[in-house]
2 protein chains.
Amino acid sequence: MNQPKQTKKTTIYDLAELAGTSASAVSAVLNGNWKKRRISSQLAEKITRLAEEQGYALNMQASLLRREKSKIIGMIVPKYDNRYFGSIVEAFENMARERGLFPIITCTRRDPELEIEAARTMLSYQVEWLVSTGATDPDRITDLCAASGVRSLNLDLPGSRAPSVISDNFAGARELTRRVLANCERKLGRVEPLLFVGGRGSDHNTSERVRGFRAAHADMGLAVDDNHILTCGYAPEKAEIALQALAQQEGNLTRGMFVNSTISFEGVMRWIKRSHHYDGRPPVMGCFDWDPFAAMLGDDIEMVRQDVPGMLNAVFGIIDHGSSKVERIEIPPLFLSQN
Amino acid sequence: MNQPKQTKKTTIYDLAELAGTSASAVSAVLNGNWKKRRISSQLAEKITRLAEEQGYALNMQASLLRREKSKIIGMIVPKYDNRYFGSIVEAFENMARERGLFPIITCTRRDPELEIEAARTMLSYQVEWLVSTGATDPDRITDLCAASGVRSLNLDLPGSRAPSVISDNFAGARELTRRVLANCERKLGRVEPLLFVGGRGSDHNTSERVRGFRAAHADMGLAVDDNHILTCGYAPEKAEIALQALAQQEGNLTRGMFVNSTISFEGVMRWIKRSHHYDGRPPVMGCFDWDPFAAMLGDDIEMVRQDVPGMLNAVFGIIDHGSSKVERIEIPPLFLSQN
DNA sequence: CAACCTTGCTCAATCGATGAAGCAACAATT
DNA sequence: AATTGTTGCTTCATCGATTGAGCAAGGTTG
């Protein structure tokens with residue numbers, strides 16, 4: 001290689017000197033508007049070649065400082081450890097890149113302080129938009145952004161001061177519950193109220209899903225026991241503990257379950273295996289969220305798939321059109337065949 | 001709120017004017033070295049209060065342009081859709097943050113062109129280090145970085161021109177194979193060579209795992225049929241197709257399998273369900289990688305867990321000590337109980 | 001009271017890229 | 001020959017934060 005292995009980075013000034021021209025000519029050539037600036041194609045070619053040879057890389061910090069738009073878009077996400085958030089992040093990156101935006105993503109582990117700090121950092125990096133996914137306090141992030149004149153947007157969990165794109169949790173939960181109840185009937189010969197496990201009672205999604213869960217029961221004339229709504233949190237261990245406690249209290253658990261997220265589903269399945277409670281007569285299950293392996297765990301585990309592409313289309317629809325109407329867009333989740 | 005909802009962002013000059021002082025005093029106060037610069041605590045307090053009131057946010061672009069170190073660290077990752085990469089990314093973010101580094105992560109979907117482009121972009125953002133995870137051509141990325149005087153490092157897949165941190169694939173595969181063979185013996189009463197499914201024959205990890213697979217067979221005096229090494233790629237569909245083809249060709253498949261990644265495992269399990277090939281006599285399985293739900297799919301599915309914290313400790317060990325010795329660090333994977 | 005130190009700031013250059021304004025050289029038009 | 005137009009550049013201010021150098025006011029020392 002004849003590239004100089006220098007420590008100092010090559011700048012447009014270095015290239016200008018090598019080419020015997022000015023930095024502004026170099027800049028014009030390298031950012032592509034040399035035609036507009038009437039640089040001869042010979043000079044353009046020479047500069048391009050030199051840049052290549054020297055391994056020149058634009059200093060984005062300098063460039064962004066000068067320009068008015070950063071083209072950086074930020075996303076805050078609670079975790080990377082499940083399919084739902086994983087596919088959100090992946091789709092977000094792709095769609096951002098398609099639009100010439102540079103995505104910065106950070107994971108805040110459902111920690112409210114980290115969320116705020118991450119948002120502040122993103123503002124420092126001059127993001128043009130900030131998407132808060134599953135944030136514990138989206139409105140606070142919106143306020144922070146607003147103070148810097150940055151647009152924000154909520155995904156997965158709604159806020160009240162910025163546009164929000166979420167799943168239609170009520171309809172999704174109602175349909176999921178309906179299906180699980182139908183499976184109950186088919187497999188057990190009778191319907192029987194289900195158990196609801198997982199999520200935080202205080203969050204919008206969980207409360208909407210509980211509402212859908214109740215509505216589906218009401219539709220079939222079934223009464224839901226309030227003790228059977230275990231909104232014990234999302235963590236697998238919490239689901240295990242809650243089930244254990246209920247089993248101790250009631251002896252026999254319900255024959256069907258509605259599990260609110262794959263994260264909780266992990267705890268539920270672990271408890272079922274360990275406790276041997278359901279040995280020989282596996283429960284009829286539904287889960288609000290999808291995971292390929294979880295779906296294979298039983299014969300008829302109903303899994304709702306949240307429509308990630310649909311949600312991100314809505315997100316980028318708002319971004320593309322700059323609309324800042326504080327609206328809530330609810331995307332119907334999908335019921336696909338499991339295999 | 002009395003914060004000004006302006007569009008223009010507040011700068012240190014605005015704050016200086018409001019405080020009746022100079023921008024340099026404001027800068028000194030806000031970046032914490034006002035003691036060094038002998039600013040009175042009264043002025044410091046006043047400036048801090050004003051900054052708060054005005055919702056001031058540092059312009060990182062300007063700050064970084066001036067400073068010598070960016071404290072930005074980049075990571076390139078192939079996918080977000082499995083536990084292994086998910087936990088790598090999450091741990092990387094945490095460990096970077098602990099060190100006061102700002103992590104930028106991007107997913108390149110195993111696309112060589114995207115990898116290079118992403119690396120270039122990261123260089124533009126003045127990353128101090130670039131970690132290439134599972135890159136298809138890590139050396140090319142190393143060269144790109146070297147041309148800009150940026151340190152790089154390979155994770156998961158090794159390269160030849162930068163330090164590499166990988167799992168001990170050979171030892172891991174050998175032990176995994178040994179365990180699966182032992183399970184075979186226990187469950188079927190006899191040992192019998194396994195089938196190897198998934199991965200690319202050309203990549204280092206796969207070839208090392210095949211080597212370990214063969215070694216474990218040799219240890220037990222078993223011969224491996226070359227047709228039973230299906231390095232068909234990682235995608236689930238490829239595993240399905242490969243199994244289907246082999247089944248058609250051979251009639252009966254082996255009673256045990258070594259699956260090279262959870263991604264491939266998804267395809268294998270799907271094929272097993274669809275084809276009914278193993279109905280009534282489930283295969284004895286091992287998988288190089290771990291997934292909580294996949295682990296629950298059978299009674300004795302052996303899953304090797306790659307030691308993500310161990311690998312990232314090694315990565316940050318190199319970063320912390322600035323060592324650029326081109327070495328290969330192999331981290332032994334973990335065999336934990338599945339539940 | 002001169003020499004020196006300390007305190008508490010301000011000034012101005014700088015980082016690298018950008019783009020408006022300007023200018024020299026030459027060509028085309030009247 | 002004078003005017004206008006075009007081509008192909010260069011000059012310079014600018015973005016916002018940082019930091020070495022410097023300076024004025026007051027205090028201390030011999």
Side-chain angles (χ1 to χ4, degrees), chain A residues 6-47 51 54-72 121 123-126 128 148-149, chain B residues 6-47 51 54-72 121 123-126 128 148-149:
Chain A
Q6 81 285 53
T7 286
K8 298 255 143 227
K9 288 178 184 173
T10 312
T11 70
I12 51 169
Y13 297 93
D14 303 330
L15 294 180
E17 186 147 15
L18 284 167
T21 181
S22 71
S24 89
V26 175
S27 170
V29 169
L30 296 180
N31 67 28
N33 54 10
W34 52 282
K35 295 228 158 166
K36 237 173 297 175
R37 313 255 332 247
R38 299 185 312 216
I39 306 290
S40 66
S41 46
Q42 298 142 54
L43 182 54
E45 223 163 296
K46 183 177 183 185
I47 289 174
Q54 301 293 314
Y56 170 80
L58 175 68
N59 182 325
M60 208 49 119
Q61 264 76 46
S63 176
L64 291 182
L65 176 57
R66 189 65 228 288
R67 295 203 307 232
E68 68 309 353
K69 317 209 84 190
S70 73
K71 300 240 175 196
I72 299 179
T121 308
L123 290 175
S124 284
Y125 279 93
Q126 312 300 109
E128 289 179 18
S148 293
Chain B
Q6 81 285 54
T7 285
K8 298 256 144 227
K9 288 178 182 172
T10 312
T11 70
I12 52 169
Y13 297 92
D14 302 331
L15 293 179
E17 185 148 16
L18 284 168
T21 180
S22 71
S24 86
V26 174
S27 170
V29 169
L30 295 180
N31 67 30
N33 55 10
W34 52 282
K35 294 226 158 168
K36 236 172 297 176
R37 299 198 48 125
R38 297 184 314 217
I39 306 290
S40 66
S41 46
Q42 296 142 54
L43 182 55
E45 222 164 298
K46 184 177 182 184
I47 289 175
Q54 302 292 315
Y56 170 79
L58 175 68
N59 183 326
M60 207 49 117
Q61 264 75 46
S63 176
L64 291 183
L65 176 57
R66 189 64 228 287
R67 295 201 310 231
E68 70 306 355
K69 317 208 84 192
S70 73
K71 301 238 175 198
I72 300 179
T121 308
L123 289 175
S124 284
Y125 279 92
Q126 310 301 108
E128 289 179 17
S148 293

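The chains referred to below are lettered A, B, ... by the order of the sequence lines, with proteins before strands, and numbering in each begins at 1. These values consider heavy atoms only, across backbone and side chains, with no hydrogens, waters or symmetry-generated copies. This is a predicted model, so every value here is computed, not measured.
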Open item on the list: Please list, in numerical order, the residues of residues 30-42 of chain A that have a heavy atom closer than 4.0 Å to any atom of DNA chain C.
Closed with: N31(A), N33(A), R37(A)
Open item on the list: Using side-chain heavy atoms (C-beta onward) and a distance below 4.5 Å, is Q54(A) in contact with L18(A)?
Closed with: yes
Open item on the list: For a quick check, tell me whether the side chain of S24(A) and the base of dT11(D) share a donor-acceptor pair closer than 3.5 Å.
Closed with: yes
Task: Between C1' of dG20(D) and CZ of R67(B), the distance in whole Å - done: 17 Å
- [ ] Specify the separation, in whole Å, of atom CE of M60(A) and atom C1' of dC15(C).
- [x] 17 Å
Open item on the list: To the closest 0.5 Å, what do you measure between OG (S148(A)) and NZ (K9(B))?
Closed with: 6.0 Å
Open item on the list: Output the rounded distance in Å from CD (Q61(A)) to P (dC15(D)).
Closed with: 18 Å
Task: Closest to the T11(A) side chain, choosing from dT10(D), dG16(D), dG16(C) - done: dG16(C)
- [ ] Would you kindly compare G20(B) and L65(B) by the position of their nearest DNA chain C nucleotide and give the one closer to the 5′ end?
- [x] G20(B)
Task: Euclidean distance, L58(B) CG relative to Y125(A) OH, rounded to 0.5 Å - done: 9.0 Å
Task: Listed nucleotide nearest any side-chain atom of A62(B), set dA17(D), dC9(C), dG16(C) - done: dA17(D)
Task: Rounded distance in Å - CD (E68(A)) to C1' (dG16(D)) - done: 16 Å
